[in-house]
Amino acid sequence: ACRIETDLRSHVYRHLTRLSFSFYDRVAAGEVISRANSDIRSIQLLLAFGPLAALSMASFTMALAFMLSIHVPLALVTVSTMPFVYVLGQKLRDRVFPLSWVTQGRMAEVAMVVDENVNGTRVVKSFAAEPAQIAVLALAAERLRWSATALIEARARFNPVIEALPRLGMALVLLYGGHLVIDGQLGVGALLAFSGYVTMIAMPFRMFGFVLLQAQRAAASSMRIYEILDEEPDVVDRPGAHDLHTVRGRVEFRDVRFAYPATRTSDDESTGLPVLNGFDLVVAPGETVALVGRTGCGKSTVARLLSRFYDVDAGHVLVDGHDVRDLTLSSLRTAVNQVPDEAFLFSESIHDNVAFGRPKAHRTEVEAALAVARASDFVADLDDGADEVVGERGYTLSGGQRQRIALARTILVDPPILVLDDATSAIDVRTEEEIHRRLAEAMVGRTTLVIAHRLSTIALA
């Protein structure tokens, strides 16, 4: 069971890595984590009791066979309560399955609230919103309590009757069997043997309610997991897609139209106003171009389409004359790398964060990338230097420090096409000027797209 749990967890995670950005745009992280943990755990619990249930059924079959060989009518009296157990089991299943589905979903709601408040704890504390968030969690917990209580009530209503029926069967055996012994139609030893066999067949009855409840919970969890596994990624390699080998760095957008998937119908057609409509852009190899515009006009969208995080609704995005949809995702994203404005760091050492794109990079290469990003000084001041483990999402560092680590991570990969998406927005102007001087050397011969609001950043182009 543990091996199946491990394999299933790995399979779910492998599938999650294949899903497109559009999936994560509409599904909360807490919901995904709940399905990948508690739902898989529910399945594992059922599998753990599977061998015991199978053994109980085997003992039931053997005991029934022995009873039939001793006295057929008495054996039929013994199992006469089984049809009632089946009927009650069906009623229990009809009650338990929808409640199990609701309970698992509300467990995911609680997990989502906790996940958001842990990750956003700085925002919560800055607004002194702890009481309000506790109330939100209390409401989610109360909804979970209601469904969990209803689940327990359904089980309490049926399980005692299901477990009592075998005892009723024992009483009927003693009543009818005693009558047979008095009449001389059955020996006392046979009646005692029947009593022992009844005890053997009682175990499956007692387990039936628990296994049925766990089976319904696992069935609900399985459907929730299959909802993820049945999700197909929007952005995949086309049949016949080829690698991008020698990269000159020409980037072209031809009459591009795009609206985010959240505004699409089930037919995958855009229903809202497009973010980009008739967008054209040509960046020559080795050229640096700044993309400027008001907030929400689609600047970052251009970068996402270039890396093919999303596919265009109409038009073409080309790299060296190749439509990005005709290129393999791995080769495209190796050639095009971007530094986002929101620098994300893993809870690992600074060295491992910088070497994320090149795990086997030598320490001197990592240090060189840190130097270009003007991160060497503050890294050297840390207790463990580049081996210092940053907190979750890098929150032990300042915003500007995180951006410099993220910049060093991309510099180490040395992509032919570089996108700086407000990558120095949290860095002071003086440090930014020093970074620009060092970036100027790194950008020679490299196609660079700069997305920014500051004039000092735009001056790179």
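When reading the values below, keep in mind they use all heavy atoms of this one structure, side chains included, and skip hydrogens, waters and symmetry mates.
Heavy atoms from other residues, nucleotides or ligands lying under 6.0 Å from NE2 of H316 number 12 at most. Environment of OH in Y226: sparse, with no more than 12 heavy atoms of neighbouring residues, nucleotides or ligands closer than 6.0 Å. Open room surrounds OH on Y13; 12 or fewer heavy atoms of other groups in view lie less than 6.0 Å from it. Within a 6.0 Å sphere centred on CZ of F356, heavy atoms belonging to other residues, nucleotides or ligands number 12 at most.
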*Might you work through the side-chain contact (heavy atoms from CB on, under 4.5 Å) test for D414 and R446, ending with a clear yes or no?*
CA-CA 9 Å; D414 193 27; R446 187 192 314 274; 2.7 Å; yes
*Please assess R224 against E227 for the test salt bridge (charged side-chain N to carboxylate O under 4.0 Å, His left out), listing each intermediate value before the final yes or no.*
CA-CA 5 Å; R224 285 165 51 82; E227 280 186 352; over 6 Å; no
*asked:* Could you go through N353 and I350, starting from their C-alpha distance and side-chain angles, then the distance that decides it, and tell me whether this counts as side-chain contact (heavy atoms from CB on, under 4.5 Å)?
replied: CA-CA 5 Å; N353 270 286; I350 290 177; 5.5 Å; no
*Mind running side-chain contact (heavy atoms from CB on, under 4.5 Å) on L229 and H11 for me, showing each step along the way?*
CA-CA 9 Å; L229 295 179; H11 183 63; 3.8 Å; yes
_Using side-chain contact (heavy atoms from CB on, under 4.5 Å), reason through D280 and D255 one step at a time and then give a plain yes or no._
CA-CA 5 Å; D280 292 292; D255 195 24; 4.2 Å; yes
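For the pair N277 (side chain) and R257 (backbone), a donor-acceptor distance under 3.5 Å is absent. For the pair E142 (side chain) and A138 (backbone), a donor-acceptor distance under 3.5 Å is absent. Judged purely by atom type and a 3.5 angstrom limit, S147 uses its side chain to pair as donor or acceptor with the backbone of L144. The closest donor-acceptor contact from the side chain of R333 to the backbone of R308 lies under 3.5 Å.
Taking both residues in full, the closest heavy atoms of S347 and V390 are given as OG-O, 3.4 Å, listed atom of the first, atom of the second, then distance. Here the closest non-hydrogen pair linking R238 and R325 is CD-O, 3.1 Å. Minimum interatomic distance between A150 and L99 (heavy atoms only, all atoms of both residues): O-CD1, 3.6 Å. Taking both residues in full, the closest heavy atoms of A335 and V247 are given as CB-CG2, 3.9 Å, listed atom of the first, atom of the second, then distance. Between A461 and A290, the shortest heavy-atom contact is CB-N, 3.5 Å. What you find for V236 and P233 is that their closest heavy atoms are CG1-CG, 3.4 Å.
Exactly one residue among T447, D326, V324, V283 makes a side-chain contact (heavy atoms from CB on, under 4.5 Å) with V319. That residue is V324.
In this structure the side chain of F253 reaches within 4.5 angstrom of the side chain of L305, judged on heavy atoms. Put simply, the side chain of L412 reaches to within 4.5 Å of the side chain of V366, judged on heavy atoms. Side-chain contact between V289 and T448 is absent, with no heavy-atom pair separated by less than 4.5 Å. In this structure the side chain of V251 never reaches within 4.5 angstrom of the side chain of L449, judged on heavy atoms. Side-chain atoms of F21 and D234, non-hydrogen and from C-beta on, never get closer than 4.5 Å to each other. Using a 4.5 Å heavy-atom cutoff, the side chains of F309 and V235 are not in contact. Taking the side chain as every heavy atom from C-beta outward, R250 and V282 approach each other to under 4.5 Å. Taking the side chain as every heavy atom from C-beta outward, R409 and V339 never approach each other to under 4.5 Å.
Separation of atoms CG (L418) and OG1 (T410) is listed at 7.0 Å; rounding is to 0.5 Å. To the nearest 0.5 angstrom, R402 atom CZ is 8.5 Å from E342 atom CD. Atoms CD1 and OG1, on I417 and T334 in that order, are 11.5 Å from each other to the nearest 0.5 Å. From S20, atom OG reaches atom CG of L329 across 8.5 Å, with rounding to the nearest 0.5 Å. Separation of atoms CZ (R18) and CD (E232) is listed at 6.5 Å; rounding is to 0.5 Å. Atom CD1 in I411 sits 12.0 Å away from atom CZ in R404 (nearest 0.5 Å).
Using a cut-off of 4.0 Å between Lys/Arg side-chain N and Asp/Glu carboxylate O, D421 and K299 are scored as not salt-bridged. Salt bridge present: R363 and D387 bring a charged side-chain N and a carboxylate O closer than 4.0 Å.
Side-chain atoms of Y260 and T301 include a donor-acceptor pair closer than 3.5 Å.
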